Amino acid sequence: MSENLSSTVHRICWIRRLTGLFLLLLIGSTWRLWTPHASVPSVPAFAPLASLPTALDWVLFASVLVAVTAWTLSRRFTHVAGGVLLACLALLLALDQLRWQPWAVQAWLFVAVIALTEPPRALLLLRWLTIGIYFHSAIAKLDYEFATTLGQQFLATLLGFVAVPIDDIPENVRIRLALLFPIAELLVAALLCFRRTANVGVIAAVVMHLTTIAIIGPWGLAHQAGVLVWNLWLAVQTPVLFWPAGTTSHEEKAVSSPQWGDRIATALVLAAILLPFTTRFGGWDTWPSWALYAPGAERSIVWVHELAVVRFPPSIQQHVRGEESWRQLHLDRWVLSELGAPLYPQNRARFALASAIADRHQLGDLIRVQFDSPANRWTGERQSRLIQNRREFLEQRESYWLNASPTP
């Protein structure tokens, strides 16, 4: 089945509107993350950006809201609004790595593809980008860690809807059932690759996202609103991109004669699809690699001595757990309560926040950071090392190729 050029233009128009609408909803639900936040320090991508005034965040935030509104609703100034949106959103992301939420990365890529190339090529690139997101999200969860931890929570919640106790199921069966979640996601990616099966893939994708919303929604695991909105976005976006299935002669012609904007858009999509293959080796970050709900990624644990706890304000003290001399400070819970968004999972960003807490409250050797490597895909085993004094903190900070120092 083929479609004419006007139908392709109509699809891209709807994708543009959906991207803009859900970007507004997601930024609105996490607005504290996108504006200057004093309680949780920012972690710029590059150290010189730390010296920029915080007022710039407000200017960029307002510019993004205006640009995305114009890009979504306007018919005449979409290229100008898209260019402004790309630039301002990129700067906001560069000013704080905590803003590198996976939906923000996806939205920026969608805006870039639509703004840089014509509808036929844009449709083709966005389809492959979406397939890549599903593929890498599935592969990241096909491991022992997911099957025995978060996958079990998903399974227990899903079975709870039909009043089936998970404890009545043998452990080895539970593990296999938990792996059905990433297998289903991988199947969606495979179905969307081919014209004859794409429509089935669309139906499977919608069912998958609605099931995920039920599991992590307020009647299930009660995760934050941003994750629910993003799943709803994908559930609506995938049918618009792929239904009815089929590429057109216009798309094939566009691929054969690329312009400079086409080359940039193609390079961005290729990078978004290929770079995630290096994540397990430390080459690319977890969330830009679409490793979503993947507990097997690298992790870090912050330990603070009991003598340090009294130096913290109540907003931090409530997230310290334990009764021993060394107690765990849950950075993820602290950031979620302060910013309304999940903490960026990379050890680099978490180390920067731990360093900021150490400096702000003059902890000296009363703070330690434990770094755990990505879990072995088959056994879940990790390698750990402990950073426990000022010299080691400084050496660790210099080991990253991106900035690991918080704003003053």
Side-chain angles (χ1 to χ4, degrees), residues 15 18-31 33-34 43 45 64 68 86 89-90 92-94 96-113 126 128-141 146 150 154 181-182 185-186 188-189 205 208-209 212-213 215-216 221 223-238 241 268-269 271-280 283-299 332 335-336 339-350 374 402:
I15 290 297
L18 286 172
T19 302
L21 172 63
F22 280 99
L23 181 57
L24 282 172
L25 290 174
L26 286 162
I27 290 179
S29 64
T30 58
W31 65 270
L33 179 65
W34 301 94
V43 187
V64 164
V68 72
L86 278 178
L89 185 56
L92 274 176
L93 293 171
D96 191 357
Q97 297 175 52
L98 304 184
R99 294 169 179 161
W100 294 4
Q101 305 289 306
W103 54 263
V105 177
Q106 179 195 331
W108 191 90
L109 288 169
F110 268 57
V111 175
V113 169
L126 292 179
W128 282 111
L129 175 58
T130 301
I131 292 170
I133 292 173
Y134 284 132
F135 172 80
H136 286 294
S137 179
I139 292 299
K141 292 190 285 285
F146 176 84
L150 190 57
F154 281 15
F181 291 107
E185 199 167 13
L186 190 61
V188 167
M208 180 183 69
H209 286 298
T212 302
I213 290 173
I215 292 173
I216 65 177
L221 296 176
H223 288 191
Q224 57 273 13
V227 181
L228 300 177
V229 174
W230 189 33
N231 270 277
L232 180 60
W233 176 15
L234 291 170
V236 176
Q237 164 197 286
T238 303
L241 271 175
L268 289 173
V269 171
I273 294 174
L274 297 179
L275 286 175
F277 286 106
T278 69
T279 301
R280 286 272 175 170
W284 203 240
D285 283 2
T286 300
W287 277 356
S289 296
W290 320 113
L292 315 167
Y293 286 104
E298 67 175 27
R299 68 186 183 189
D332 50 350
V335 171
L336 184 60
L339 302 182
L343 173 60
Y344 192 64
Q346 218 62 31
N347 282 350
R348 180 185 65 251
R350 293 169 180 254
L402 278 178

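For clarity, every value in this text was computed on a predicted model and none was experimentally measured.
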Open item on the list: Test of understanding: with ring-ring contact (aromatic ring centres under 6.0 Å, His included), list the residues that count as partners of Phe110, not counting sequence neighbours.
Closed with: none
- [ ] To the nearest 0.5 Å, tell me how far Thr130 OG1 sits from Leu234 CG.
- [x] 7.5 Å
Open item on the list: List the residues meeting ring-ring contact (aromatic ring centres under 6.0 Å, His included) with Trp284, not counting sequence neighbours, and say none if there are none.
Closed with: none
- [ ] With sequence neighbours left out, write down each residue that passes side chain to side chain donor-acceptor pair (under 3.5 Å) with His223, or none if nothing qualifies.
- [x] Tyr293
Open item on the list: Is there a side-chain contact between Ile216 and Asn231 in this structure, where contact means two heavy atoms from C-beta onward sitting under 4.5 Å apart?
Closed with: yes
Task: Interatomic spacing from NE2 in His209 to OH in Tyr134 - rounded to 0.5 Å - done: 3.0 Å
Task: Partners passing side chain to side chain donor-acceptor pair (under 3.5 Å) against Tyr344 (at least two apart in sequence or in another chain) - done: Asp285
TODO: Would you mind listing every salt bridge (charged side-chain N to carboxylate O under 4.0 Å, His left out) that reaches into residues 96-108, with sequence neighbours excluded?
DONE: Asp57-Arg99
Task: Any Leu292 side-chain heavy atom under 4.5 Å of Pro102 side chain - done: yes
Open item on the list: Restricting to non-hydrogen atoms, name the atom on Leu268 and the atom on Ala112 that form the minimum distance, rounded to 0.1 Å.
Closed with: CD1-CB, 3.8 Å
Open item on the list: So, using side chain to side chain donor-acceptor pair (under 3.5 Å) as the criterion, who are the partners of Thr286 when residues are at least two apart?
Closed with: Gln346
Task: Thr19: partners by side chain to side chain donor-acceptor pair (under 3.5 Å), with sequence neighbours left out - done: none
Task: Distance, nearest 0.5 Å, that separates OG1 of Thr30 from CG of Leu339 - done: 9.5 Å
Open item on the list: Could you check whether any side-chain N or O of Ser29 sits under 3.5 Å from a backbone N or O of Leu26, counting only pairs where one atom can act as donor and the other as acceptor?
Closed with: yes
Task: salt bridge (charged side-chain N to carboxylate O under 4.0 Å, His left out) partners of residues 101-110, not counting sequence neighbours, each pair once - done: none
Task: Heavy-atom closest contact (Arg280 atom, Gly296 atom, distance) - done: NH1-O, 4.1 Å
Open item on the list: Test side-chain contact (heavy atoms from CB on, under 4.5 Å) on Val111 and Leu89; report intermediate values, then the result.
Closed with: CA-CA 10 Å; Val111 175; Leu89 185 56; 5.9 Å; no
- [ ] Would you name the heavy atoms of Ala349 and Leu98 that are closest together and state the gap between them?
- [x] CB-CD2, 4.2 Å
- [ ] For Trp290, check ring-ring contact (aromatic ring centres under 6.0 Å, His included) against everything at least two apart and list the hits.
- [x] none
- [ ] For residues 131-141, pull every pair meeting salt bridge (charged side-chain N to carboxylate O under 4.0 Å, His left out), keeping only residues two or more places apart or in separate chains.
- [x] Lys141-Glu185
Open item on the list: Return the CD1 to CG distance between Ile273 and Leu129, rounded to the nearest 0.5 Å.
Closed with: 6.0 Å
- [ ] Take Gln101 and Leu33 through the test side-chain contact (heavy atoms from CB on, under 4.5 Å) and record every step on the way to the result.
- [x] CA-CA 10 Å; Gln101 305 289 306; Leu33 179 65; 3.9 Å; yes
Task: Thr212 side chain reached by Phe181 side chain, heavy atoms, under 4.5 Å - done: no
- [ ] Quick one: sort the Trp103 and Trp34 rings into parallel, tilted or perpendicular, breaks at 30° and 60°.
- [x] tilted
- [ ] Report yes if the side chains of Ile213 and Leu232 come closer than 4.5 Å at any heavy-atom pair, otherwise no.
- [x] yes
TODO: Indicate yes or no for a side-chain donor-acceptor contact from Trp100 to the backbone of Leu93 under 3.5 Å, with no hydrogens or angles considered.
DONE: yes
Task: pair Leu109-Val269: side-chain heavy atoms closer than 4.5 Å - done: no
Open item on the list: Going by the rule ring-ring contact (aromatic ring centres under 6.0 Å, His included), which residues pair with Trp108 if we only count those two or more places apart in sequence or in a different chain?
Closed with: none
Task: Gap between atom CG of Leu402 and atom CZ of Arg348 - 0.5 Å precision - done: 4.5 Å
- [ ] Just do the side-chain contact (heavy atoms from CB on, under 4.5 Å) check on Trp233 and Gln106 with the steps written out, would you?
- [x] CA-CA 11 Å; Trp233 176 15; Gln106 179 195 331; 3.8 Å; yes
TODO: Of all the heavy-atom pairs spanning Pro295 and Leu150, show the shortest one and how long it is.
DONE: CG-CB, 4.2 Å
- [ ] Just jot down the side chain to side chain contact (heavy atoms under 4.5 Å, CB included) partners of Leu25, sequence neighbours excluded, or say none.
- [x] Leu21, Phe22, Val229
